[in-house]
Number of protein chains: 2
Amino acid sequence: MAPKIKDVAKQAGVSVTTVSRVLNGEKYVKDDLKARVKRAIDELGYTPSHIARSLVLKKTNLIGVIVPDITSSFYSTILSTIERTASLNDYNLMVCNILEDTDKELKYLQIFKQMRVDGIIIMHEKFSEEIRELIQSLDIPFLFSSVKPADQQFVSVIIDDYAAAYDATRHLIGLGHSRIGFIGGDMRDVTSGQNRYLGYSNALSDCGIKVEDDYIRFGDYKTQSGYDLMKEILANETRPTAVFAVSDDMAVGAMNGIHDCGLKVPDDLSVIGFDGSQLTEQVRPRLSSMEQPILEMGKVTVDKLLRMIAGNEEEPLNDVILKHKLVVRDSCKAYRDHS
Amino acid sequence: MAPKIKDVAKQAGVSVTTVSRVLNGEKYVKDDLKARVKRAIDELGYTPSHIARSLVLKKTNLIGVIVPDITSSFYSTILSTIERTASLNDYNLMVCNILEDTDKELKYLQIFKQMRVDGIIIMHEKFSEEIRELIQSLDIPFLFSSVKPADQQFVSVIIDDYAAAYDATRHLIGLGHSRIGFIGGDMRDVTSGQNRYLGYSNALSDCGIKVEDDYIRFGDYKTQSGYDLMKEILANETRPTAVFAVSDDMAVGAMNGIHDCGLKVPDDLSVIGFDGSQLTEQVRPRLSSMEQPILEMGKVTVDKLLRMIAGNEEEPLNDVILKHKLVVRDSCKAYRDHS
DNA sequence: TTGAAAGCGCTAACAG
DNA sequence: CTGTTAGCGCTTTCAA
């Protein structure tokens with residue numbers, strides 16, 4: 001059995017209180033006692049039980065995180081910075097990888113409750129009524145990151161997805177394109193589904209371009225779906241000359257679909273992605289993308305959550321809107337009409 | 001404050017013992033009492049404290065995982081299956097993302113100790129003596145996955161990296177290549193550094209091909225390093241006609257380096273990767289790779305660890321060697337001498 | 001079948 | 001400065 005505080009006390013010939021005091025760096029301990037306790041701790045290889053400590057302190061230093069898919073380049077990156085920021089503040093993560101399994105999200109939320117995590121970060125917005133209720137009844141600070149659920153009372157750290165999609169589309173239009181395809185997300189997602197679609201279609205309308213349903217498809221943000229949908233779009237009699245995909249993974253899938261159809265990016269079609277994941281630099285041609293400030297987003301999320309946990313009354317409970325940024329690489333080209 | 005077992009007992013008009021019994025599904029409780037307790041639980045929205053339970057049971061259902069980089073396609077995938085398998089067995093993960101920071105590994109190991117995790121999975125082999133000692137003194141079952149530290153007493157779930165690298169190289173040789181470049185890992189890593197290098201060089205020697213240092217570079221498994229090293233290799237007067245990179249990420253970097261030098265894969269150079277990550281299908285041409293059974297590896301690792309935790313005496317404490325598999329895609333081509 | 005009470009390992013009044 | 005003691009929320013003998 002691992003040594004306990006009592007063992008240390010006995011070894012050092014002091015009371016458990018004194019041991020506790022040196023453990024927690026209190027000042028009211030004479031130097032010689034402090035030294036004896038420290039030696040005893042070393043000799044025994046003692047490490048305080050976080051469990052016991054949590055029980056009395058009512059604080060676990062745990063943050064629960066719900067993420068749709070840790071193998072996605074976007075989520076693994078944001079998760080990485082969340083972990084880093086949390087760790088620097090002595091918080092640990094407990095992550096739930098949903099993978100389409102909505103029951104799992106509910107189950108994990110219950111686990112978070114049992115675990116008495118100090119806070120929760122959610123990067124998923126398509127939840128059931130049951131989950132919505134649970135989450136609100138939890139009495140644990142929570143925050144959404146990179147998504148904004150329809151429920152206006154929930155607070156998010158996010159970019160303006162509508163504006164970002166609008167700007168991405170305008171970029172394509174600015175290059176002279178007018179037949180612009182769209183590979184969207186799930187329209188049940190407000191943030192990455194609806195808002196990005198609206199940004200796209202409104203940009204078109206504002207420029208007097210007709211929104212062509214044949215050029216529009218919706219998928220699941222993954223490479224395979226971008227690939228399949230691109231092929232569907234290419235099946236049109238007159239192809240678009242550019243396409244906007246709402247995730248880099250889908251954009252890469254689209255590029256592959258184009259490639260496998262014997263066409264070239266950007267000569268035959270321009271492609272623009274969304275997110276700014278590392279995949280943009282891993283493919284050829286390198287993918288232009290409407291980027292989210294991923295690292296900042298993760299850091300800001302954790303910092304804000306920690307302030308909420310600390311019970312900072314000053315902490316405004318409204319959204320934090322971060323800035324998106326277009327990063328031009330090699331996958332888009334000006335369009336010249338050859339007719 | 002969240003309701004506690006005492007509140008439930010009061011509400012149901014029974015003792016806490018009885019509540020505990022229905023919570024843990026014991027049989028010796030009369031049906032009517034059981035019903036009353038269940039109703040009280042619902043009314044109060046009670047969820048038992050995992051903390052308190054862990055303290056008395058001396059079991060946390062937590063597994064600590066140490067991974068080099070969760071944004072790597074290989075590690076995010078194996079982590080995903082580890083999480084899945086653990087979750088199905090009612091275990092939760094606490095993951096440490098090292099990111100080159102060796103102090104962080106040590107710090108997390110100490111956290112795992114404080115947390116009293118039930119078991120530890122390590123996917124990193126380049127640890128200090130200090131870590132080696134800590135880990136052994138921990139009295140917590142631990143297991144290495146996808147790596148095999150030099151210390152023979154540690155148990156690993158792994159493939160035969162030497163044989164896999166040997167086979168990959170032989171594949172290239174079989175295609176007629178004799179000038180074969182090598183983009184390796186860190187030679188301080190036994191598994192993915194030394195063993196894969198030895199597999200490569202021995203395959204060459206066995207076929208009477210001279211091992212050419214100018215064609216050999218070592219990096220850090222990441223795309224950027226594959227890119228840079230490939231360019232160095234291409235700077236040779238006579239280029240190799242094929243190259244073997246010991247991670248898919250590096251292989252993709254190499255492909256990009258080749259592309260950016262105005263050369264073509266596989267026409268000018270064949271490229272073969274290692275791991276079998278999803279990146280192999282995301283790039284064009286699709287990357288041939290010596291694949292590890294990633295999903296199986298994650299599952300086997302967790303299953304074995306759980307058996308060790310359960311104190312299964314039958315559980316053999318030796319390595320589990322999984323089978324590697326060559327998956328041929330479009331990045332390699334037979335070599336014909338044009339001289 | 002049920003309940004009283006001890007104890008898991010630690011912190012924090014409260015005394016001295 | 002230092003020690004005694006009462007919990008934190010739960011499980012588990014041991015009796016009834």
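A, B, ... follow the sequence lines: proteins, then strands. Residue 1 opens every chain. As a basis for the values below, the full set of heavy atoms in this structure was taken, side chains included, without hydrogen atoms, waters or symmetry mates.
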field: Check against side chain to side chain contact (heavy atoms under 4.5 Å, CB included), A/Ile70 and A/Leu79
entry: CA-CA 8 Å; A/Ile70 58 170; A/Leu79 193 57; 3.7 Å; yes
Check: A/Asp186 side chain, A/Arg188 main-chain N or O, donor-acceptor pair, under 3.5 Å: yes
- prompt: To 10°, what angle do the rotation axes through the five end pairs on each side of the helix from C/dT1-D/dA16 to C/dG16-D/dC1 form?
  reply: 40°
- prompt: Taking atom NZ of B/Lys34 as the centre, does the number of heavy atoms from other residues, nucleotides or ligands within less than 6.0 Å exceed 12?
  reply: yes
- prompt: Which atom names give the shortest non-hydrogen contact between A/Thr85 and A/Lys299, and what distance separates them?
  reply: OG1-CA, 3.7 Å
- prompt: So which heavy atom on B/Phe127 is nearest to which on B/Arg132, and how close?
  reply: CE1-CG, 3.6 Å
query: So which pairs with a foot in residues 103-116 of chain A pass salt bridge (charged side-chain N to carboxylate O under 4.0 Å, His left out), sequence neighbours left out?
result: A/Lys104-B/Glu83
- request: With a 4.0 angstrom cut-off to heavy atoms of chain B, pull out the first and last contacting nucleotide of DNA chain C, in 5'-to-3' order.
  value: C/dT1 to C/dG9
- request: Can you check each nucleotide of nucleotides 7-16 of chain D against protein heavy atoms at under 4.0 Å and return B for base, S for sugar-phosphate only, - for none, in 5' to 3' order?
  value: BBBBSB----
field: All side chain to side chain contact (heavy atoms under 4.5 Å, CB included) counterparts of A/Leu88, not counting sequence neighbours
entry: A/Arg84
Could you pull out all donor-acceptor pairs under 3.5 Å where a side-chain atom in residues 4-12 of chain A meets a protein atom, sequence neighbours excluded?
{"unit_1": "A/Asp7", "atom_1": "OD2", "unit_2": "A/Lys4", "atom_2": "N", "d": "2.8"}
{"unit_1": "A/Gln11", "atom_1": "NE2", "unit_2": "A/Glu43", "atom_2": "OE1", "d": "2.4"}

query: Do side-chain atoms of A/Asp220 reach the backbone of A/Lys222 as a donor and acceptor pair under 3.5 angstrom?
result: yes
task: Report, as yes or no, whether the 6.0 Å neighbourhood of atom CD on B/Glu129 holds more than 12 heavy atoms from other residues, nucleotides or ligands.
output: yes
